[in-house]
Amino acid sequence: MKEWPRASLLGAEIEFASMRTYARYFLRRLGQFVFVVFVGINIVFFVTHATPVDPVEQAISSATQFGHSDPRAVEIMRKALRELYGLDGTILQQYVRFWTRLATGDFGPSLSAFPTPVSVLIRQSLPWTVGLLFTSTLIAWGVGNSLGGLAGYYRKNRLLKAVGIAATGLQPIPSYIMSLVVLILFGYIWPILPISGGFQMNVSPDLSIPFVSSVIMHSILPVLSLVLITIGAWFVGMRSLVSNIVTEDYVVYAELAGVNRRRILTSYIMRNALTPQLTGLALSLGAIFNGAIITEFVFGYPGLGTLLVRGVNSGDYSLVLGIASISIVAVATAVFVIDLLYPLLDPRVKVE
Amino acid sequence: MDVALSVRDLRAYYLTSHFGVEREVRAVDDITLSVEKKEIYGIAGESSCGKSTFIRTIAAAIRPPLRVLGGSIRYSFLDRDLYDLDERALTEMRWKHLSCILQGSMNVLNPVRRVRESFKDFASPHMGLARSVFFDAVKAHLNRLRLSPTVLSAFPHELSGGMRQRVAIALATVCRPEFIIADEPTTALDVVVQKDVLALILEMQREIGSSMIFVTHDLTVHANISNRLGIMYAGRLVEEGSTRDILRDPMHPYTRHLIASLPRIGDVTPKKGLSGAPPSLADPPSGCRFHPRCPLAMDICRQAHPELTALAPGRRVACYAVSPLVQPAHEAAAARKATKADKSAAFLQ
């Protein structure tokens, strides 16, 4: 009998070999991850320490602005504050201290809300931001990609064309304008939704129905404005991906073979277009730890964005450093995870 | 002999209108031909002569701006014209009766799905078998094509070019269709694999007993596989006959140039290229479309298109210079109509 022509990388005996190459790939990506986080946090450390706002001088000027105070007492106070804030010594000593503290997960005390630790402040704001941005990112991604995919496939459909025009029209609108427009529309002209805060002041924050419904009501407007800003990019991206894939040989061939239309749209077109969009999703999900600074600020939302603005304005290095470090780790983790998943999503990506 | 496919006066143009400027590209113009059962009909011609458009038209795979403006396409397995079928009947007919092997078979398989899934999507709706029985049938079929059943669990990129081509052939023949359209299936392959793939296609076609239209610009491939040959130039069929006759004794000046361009062992005379370029199909030359490049061009060639005229059994040529029997197409059509009218008049009397 004739020898079978063999395909490469088939069968179980090769599975094992590919497991080993996958382990190597994992370790290399892990190394990259650690490197990116290290470099990123260093950059943030030096940039925040180069700020012209001195938190010690700010604290002293707010303490001495009423009446006369003894210059010697001020000098003693300055020294004491420097020690307390961890700002004594050269920048190199501060740098070493920063890393030793960071190794134990401690970002030090906040300088503007002294002596509350930065980690406590972040822990209070994080759930708000994550809830807000996770929801809006997922909604925008899901709706934008589904509609974009359909619009790329059914190019003649009037309704989808109208959606396309709307999406491309919304896309370039800056987030502060969009937030304000939404705020004015639904808070002033047609006042049906709360316009500020994370929940109603007179509801106690526990897992009760009035609290949860209050949180949801308060999140509708910020989520809406975030979705409206980001949905256009997903829509346009998916539409152009799909309209390229439609002319690929494998799609034309499947159509020639009379393969079920819905199957072609899902398994042949969308499935192939989805891989780059999933990378985009992972990056946006990583970026949610930055907070949506402008939108949170406009809606007075108690999230990381608002906290970050407060930290920057008061020269609170520790707080800015803490938030920036968390977002660096989050983005790097998202990229890391998607890199690990990529060989599974797209079989053509070899792990070597 | 029974006819498997009969195409009459087929016209398919690309109609575009940009900013009010209407443009028509006459890619397929008045083509009449028939393919007999179990026959391999070869179509040859240079790039942009309308081969691929013709293929797309008879495979009912046209998309705007390409449109069929006239003529008929009748397959023996259909009870009406191809373009009279509704969407459902068309889907049902595809692959079961009419399948295709395409140019660039490298990329006809979905890159993110295993080969198994492609077989399931393409063939299983037409074969109506239970899952396990279906895959047994597929494996038996792969076996006949000397392919290991392990290819089913492979992704397309894990297969070599030759194997992908075999898989594509397996995919196109697994439902045992009556008619197969092959569009340059060997063009992207090296000569060794090409020979192998041609043999495989021939073997499958014989075993299933299907008819085939085989398109390639490569006359040496035609010499190996096609029973009959149609030569296309600028959207029209200019000569037709058995492959043997055409290669031995080409009649149309264009065919003669094509054949003369083939290298021959022992022939050391330098090959001369045909002067000029293929005409634009958006604005084809008047009369015979070959006349601007033809060494034998006469006055009449510039005025009226010559009818593809039967000069011997199974031999048709469209060139005034070849035989005085060749008439301008419109006169021939008028004459046909007249004889028909005579006949019906005689019948009425």
Side-chain angles (χ1 to χ4, degrees), chain A residues 1-15 17-18 153-156 241 243-278 341-352, chain B residues 56 59-61 63-64 87-88 90-96 98-115 117-118 120-126 142-143 146-160 162-164 166-168 171-172 175 181 196:
Chain A
M1 188 150 183
K2 228 183 139 184
E3 189 67 26
W4 299 122
R6 284 206 66 94
S8 67
L9 268 181
L10 288 183
E13 73 271 27
I14 301 160
E15 293 272 285
S18 71
Y153 191 57
Y154 300 107
R155 296 229 80 144
K156 288 270 147 69
L241 275 169
S243 48
N244 277 332
I245 290 175
V246 164
T247 60
E248 290 282 345
D249 285 346
Y250 54 83
V251 175
V252 175
Y253 199 52
E255 281 175 354
L256 260 181
V259 173
N260 185 321
R261 288 250 147 193
R262 201 171 303 151
R263 169 52 57 81
I264 292 183
L265 182 61
T266 54
S267 303
Y268 286 72
I269 297 173
M270 294 285 220
R271 175 69 183 74
N272 276 286
L274 216 54
T275 13
Q277 296 299 80
L278 276 172
L341 286 180
Y342 227 97
L344 306 177
L345 295 172
D346 188 339
R348 283 167 298 178
V349 175
K350 286 241 180 107
V351 292
E352 299 102 301
Chain B
R56 232 168 278 162
R63 267 195 200 158
E87 189 71 29
R88 237 193 71 219
L90 210 55
T91 310
E92 214 161 276
M93 174 274 296
R94 288 182 195 283
W95 239 245
K96 191 173 181 183
L98 172 70
S99 78
C100 305
I101 307 172
L102 287 193
Q103 192 170 9
S105 278
M106 305 289 132
N107 308 318
V108 297
L109 298 167
N110 189 345
V112 297
R113 311 193 87 200
R114 294 183 192 278
V115 172
E117 303 296 320
S118 292
K120 213 171 91 195
D121 292 347
F122 279 56
S124 121
H126 301 302
L142 288 173
N143 219 340
R146 292 187 291 282
L147 273 168
S148 151
T150 52
V151 296
L152 285 178
S153 49
F155 284 106
H157 71 276
E158 295 170 347
L159 305 171
S160 67
M163 282 183 76
R164 251 181 277 175
R166 279 161 187 274
V167 169
L171 201 54
C175 298
I181 294 170
D196 202 31

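Predicted, not measured: the structure shown is a model, and the values here were computed from it. The analysis underlying the following values was restricted to heavy atoms, covering all of them including side chains, and did not include hydrogens, waters or symmetry mates. By convention in this document, chain letters (A, B, ...) are assigned in the order of the sequence lines, proteins followed by strands, and residues within each chain are numbered from 1.
- With a 4.5 angstrom heavy-atom cutoff, B:Leu90 does not touch chain A via any of its atoms.
- Not counting sequence neighbours, A:Tyr268 has no partner by the ring-ring contact (aromatic ring centres under 6.0 Å, His included) test.
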Can you check side-chain contact (heavy atoms from CB on, under 4.5 Å) on A:Leu256 and B:Leu102, steps first, answer last? CA-CA 10 Å; A:Leu256 260 181; B:Leu102 287 193; 4.0 Å; yes
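- When side chains are defined from C-beta on, A:Thr275 does not count as touching B:Val112, because their heavy atoms never get closer than 4.5 Å.
- Contact detail for B:Asn110 and A:Asn272: the closest heavy-atom pair is OD1-ND2, 2.8 Å.
- For B:Lys96, there are no salt bridge (charged side-chain N to carboxylate O under 4.0 Å, His left out) partners two or more places apart in sequence or in a different chain.
- Residue A:Ser267 holds its OG atom at 4.0 Å from CZ of B:Arg113, rounded to the nearest 0.5 Å.
- In this structure, B:Asp121 and A:Arg263 approach most closely via the heavy-atom pair OD1-NH1, 2.6 Å.
- Using the six-membered ring where Trp is involved, B:Phe122 and A:Tyr253 have ring planes that are tilted, between 30° and 60° apart.
- Neither the backbone nor the side chain of B:Pro125 comes within less than 4.5 Å of any heavy atom of chain A.
- For a residue to count as touching a neighbouring chain, one of its non-hydrogen atoms must lie under 4.5 Å from one of that chain's; by this rule B:Arg63 touches chain A with the side chain only.
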